[in-house]
Number of protein chains: 4
Amino acid sequence: MSFCSFINFMSNCSFNIIIMTEKKFSRNKQEKIDLIYDNFFKLILEKGYHKTSTNHIAKSAKISIGTIYKYFPKGKQDIMRKYFEDTMENIFNISGLYNVGENKIRDFLKDFILILYNNHKEKKAYNIAFRSAIQSDKMLLKAHKERLFDSFKNAAQKLRGKNEIFNQIPEERLIKLFIFLYNLINALIYHHLSVMRLFDTDMELTDYLSNLTTFSLQYLTRVDNKK
Amino acid sequence: MSFCSFINFMSNCSFNIIIMTEKKFSRNKQEKIDLIYDNFFKLILEKGYHKTSTNHIAKSAKISIGTIYKYFPKGKQDIMRKYFEDTMENIFNISGLYNVGENKIRDFLKDFILILYNNHKEKKAYNIAFRSAIQSDKMLLKAHKERLFDSFKNAAQKLRGKNEIFNQIPEERLIKLFIFLYNLINALIYHHLSVMRLFDTDMELTDYLSNLTTFSLQYLTRVDNKK
Amino acid sequence: MSFCSFINFMSNCSFNIIIMTEKKFSRNKQEKIDLIYDNFFKLILEKGYHKTSTNHIAKSAKISIGTIYKYFPKGKQDIMRKYFEDTMENIFNISGLYNVGENKIRDFLKDFILILYNNHKEKKAYNIAFRSAIQSDKMLLKAHKERLFDSFKNAAQKLRGKNEIFNQIPEERLIKLFIFLYNLINALIYHHLSVMRLFDTDMELTDYLSNLTTFSLQYLTRVDNKK
Amino acid sequence: MSFCSFINFMSNCSFNIIIMTEKKFSRNKQEKIDLIYDNFFKLILEKGYHKTSTNHIAKSAKISIGTIYKYFPKGKQDIMRKYFEDTMENIFNISGLYNVGENKIRDFLKDFILILYNNHKEKKAYNIAFRSAIQSDKMLLKAHKERLFDSFKNAAQKLRGKNEIFNQIPEERLIKLFIFLYNLINALIYHHLSVMRLFDTDMELTDYLSNLTTFSLQYLTRVDNKK
DNA sequence: AATGAATGAGAATTCATTCAT
DNA sequence: TATGAATGAATTCTCATTCAT
């Protein structure tokens, strides 16, 4: 029996079968899904969301169109939805963000901005696509809003426990503030990266955003107190 | 001269009846173009930019698809481009805007915001379409940038002649500042109206923008001076 | 001016334009629609209803797929529906059918059978398609039932005016009887022509149907009276 | 003998444990086939024959698509064919049917009708599918005809031995008569159940069919004698 | 034996654009 | 000028079938 035959024989043994089958299937499946994501976003950068068709994705990923519809039965809409769900945890569960001491809100905001900014840079295609997708998929917009609320509820609770200033703001209000800042920052980063540059350098943008959010936080807290 | 040549000759004559016909046609032409614009934007609000086809516009406007391609040989792209050109003067040539005295910069910014805000509200469909169009039509984006520059150059010149504070800022820098504020305001209004509301009421938005622009003007001027 | 130029000139004259345009457009339109019908039914005989696609029809008719969807926006479903509507009058408005004197009911039924039989033979493809279509298009089935009712209401009124025997049967009952006979005859002709032959010759079939309907009429009238 | 050959050899041995495994597999096999049948017909009632795909059946039956193609290598076509073959004996080998004495032909026909009627009701999905299948599978139609002939040959022989009246009709002729009645009854039951109701109640239908078959038997015998 | 991932031909449908009238 | 019939490439999505595991 040659070595190869031995390997083949071994691969039929039961203790191996299960492990390999699981690995193989799950690896292949995730590989295909990643291929679809990668090529989808690659094409969006090249041609835009609406000119990227499921057939283009299949051809670009060198898989069959049927495979795309196996994993994403509603085509592009499902690619967006599932990517949205798959990346749920990536943005806001960064523990470092919440190690904020007294009087360090400015640093907290700066970190927050950098996270959003890097997310935009790294996932430019996704962000372009997401803006397009929520126009025609109201469920996705709803899910996005709900996730924002949940994430910032979580963040607010953590921060109020650690920081005196945050603690003075009612939780509900703090969540709304964070959602506002999130929208504010995203609107400007998106505009800067995908519509028209606001500054010559990205550093100038993040510096500006840092001051802008501090200003906005003060402005909104002041307005709040007047009411 | 053959009979046909005679007919051709006649059709070029400036007899009264022919002039009237021409006038009538030219009035009809503008009517048709307006019909196309109106129904295009109506449909964009209903179905979105990408799901609005030239055939739909024709059916909605009760004109033939051929007529659309007569006036707009490249279809939707040309509708956007020509509407952009047709409305060139409407936004920034508002004389009232420039009657700004000393210490009245805040009022100037408030007026500026209101003009942009009302423009967004009234031309929501156009603004949605414009964002979509510049993604795939780089010429349109370029033209938009050039127009912004020209308009604000004009505005800067007028304002520097009338106002001491503006006069202290170099023209080139003032133009850049205005373009920045324009982009800032538009990014946020667009986000508020077409992506996700930033405030519960529109008044809160314009109040915030008013303070935001004042802050930004100070911030940028300060940063500028440091350099 | 050559003769051809003269013809061309003439063809631009107003009195001709209207006639020609009307003729031309309507002729072409009906030509295309007839092409679609003809090739649709030709293919149904060759491959069956479900294996006949709109693309096949277009290829077979040597027209573009767009033309089919211009006239029949919902594809095959609309071809069936519109053909159904176009042929509304053909079956029952045969005046000869109603020239039925006293004691000639047998002859009337014979004529009725022959009309249905010839309709099946001549429109075999349509009848096959119709059976398939009403399985997935409940509206078509409903329209079919309504038309049957209206047609036989009309027939019943005519016949009750002319024939003593029919006059003894209440109108409502007579309509039901006709619809029953219609279904009976059609079920058997369809089975004979498209599922499995009931008789060796078609003559035997029509003879049998003739006796069967006479029998059924007596049977149902008798049952009716007992109730 | 290598290790592998030994394994192969072992797998053919008739040790008890292996016999049990085989039995278990064969029981499983029939279970799988029944699952396929059940879910196929369930889906046909829900969506129709043509919209029921092999993939749907697999999903509905919670087995893999591969299993369906293992037992039915040509998919739906084979499911129909094999179901047709599996149910071969069920319809006509009902011994009660042939306990027909003198002058009881009417009762015999009534029983015959009830059997066919109940078969249609209970196997509505199969009957719908069968009609669709024989349109595109001429072999199935041929097999159906052959089975009808064989079944009624068998029935004719039994009945001629027991009943004087049947005995007067030549066997060949009797077979043809039965096939005719079978087609007649089926055509009308199918029309009533799946196209358009002939009567308000099913009882009325079976009563009518009972009289109709008696009439038809007399009619055909009479016609026969004339020839 | 059983699984189910993968394929890709093909079906329905849309849409920008052309062109004869 | 104006019409709208006609085109056909492109898009979304389905389905029978194969094959590696």
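Numbered from 1 within each chain, the chains take letters A, B, ... in sequence-line order. No experiment lies behind these values; they were computed from the predicted model shown.
- The distance from atom CZ of B/Phe72 to atom P of E/dC15 is 20 Å, rounded to the nearest whole Å.
- One N or O on the side chain of C/Lys82 and one on the backbone of C/Tyr71 form a donor-acceptor pair closer than 3.5 Å.
- Between D/Asp137 and D/Met80, every side-chain heavy-atom pair lies at or beyond the 4.5 Å cut-off.
- When all heavy atoms are compared, the tightest approach of D/Ala58 to D/Ile68 is N-CD1, 3.5 Å.
- Contact of the D/Phe72 side chain with the D/Thr54 side chain is not registered, since no non-hydrogen atoms from C-beta on lie closer than 4.5 Å.
- Remark: the backbone N or O of C/Ala61 is not paired with any side-chain donor or acceptor of C/Lys42 at under 3.5 angstrom.
- The residue A/Tyr71 sits close only to the backbone: its heavy atoms come under 4.0 Å of sugar-phosphate atoms, none of a base.
- Put simply, NZ on A/Lys62 is 23 Å from P on E/dA5, counting in whole angstrom units.
- Comparing E/dA16, F/dT7, E/dA6 by their nearest atom to the side chain of B/Tyr69 picks out E/dA16.
- Here the nucleotide nearest the side chain of D/Ile63, chosen from E/dA6, E/dT3, F/dT3, is E/dT3.
- Under the Watson-Crick or G-U wobble criterion, with both distances below 3.5 Å, F/dC15 is paired with E/dG8.
- Here C/Lys70 reaches the OP1 or OP2 of F/dA5: one of its side-chain N or O atoms lies under 4.0 Å away.
- With rounding to whole Å, A/Ile33 atom CD1 is found 12 Å from E/dA5 atom C1'.
- Figure legend. E/dA1 is base-paired to no nucleotide; pairs are counted as Watson-Crick or G-U wobble with both atom distances under 3.5 Å.
- Annotation: side chain of B/Met139 is in contact with side chain of B/Arg81 (closest heavy-atom distance under 4.5 Å).
- The nearest whole Å value for the distance from the NZ atom in A/Lys59 to the C1' atom in F/dT11 is 13 Å.
- The 5' end of DNA chain F is approached more closely, in terms of each residue's nearest nucleotide, by B/Thr67 than by the other of A/Lys74 and B/Thr67.
- Nucleotide E/dA20: paired with F/dT3 (Watson-Crick or G-U wobble, both distances less than 3.5 Å).
- Here A/Ser64 reaches the OP1 or OP2 of E/dT7: one of its side-chain N or O atoms lies under 4.0 Å away.
- In the region residues 41-57 of chain C, proximity to DNA chain F at under 4.0 angstrom, judged on heavy atoms, holds for none of the residues.
- Position along DNA chain E of the nearest nucleotide to A/Ile68 versus B/Gly66 favours A/Ile68 as the more 5'-ward residue.
- Close to F/dA6, at under 4.0 Å from its OP1 or OP2, lies a side-chain N or O of C/Lys32.
- Atom C1' of nucleotide E/dA5 and atom CD1 of A/Ile36 are separated by 12 Å, given to the nearest angstrom.
- As a whole-Å value, the separation of A/Ile79 CD1 from F/dT11 C1' is 14 Å.
- Below 30°, between 30° and 60°, or above 60°: for D/Phe130 and D/Tyr126 the angle between ring planes is between 30° and 60°, a tilted geometry.
- Rounded to an integer number of Å, the gap from CG of A/Asp78 to C1' of F/dC13 is 12 Å.
- Distance CD1 (D/Ile65) to C1' (F/dA16): 8 Å, rounded to an integer number of Å.
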Chi angles and distances behind the ring-ring contact (aromatic ring centres under 6.0 Å, His included) call for D/Phe40, D/Tyr83: CA-CA 11 Å; D/Phe40 181 39; D/Tyr83 188 86; 8.8 Å; no
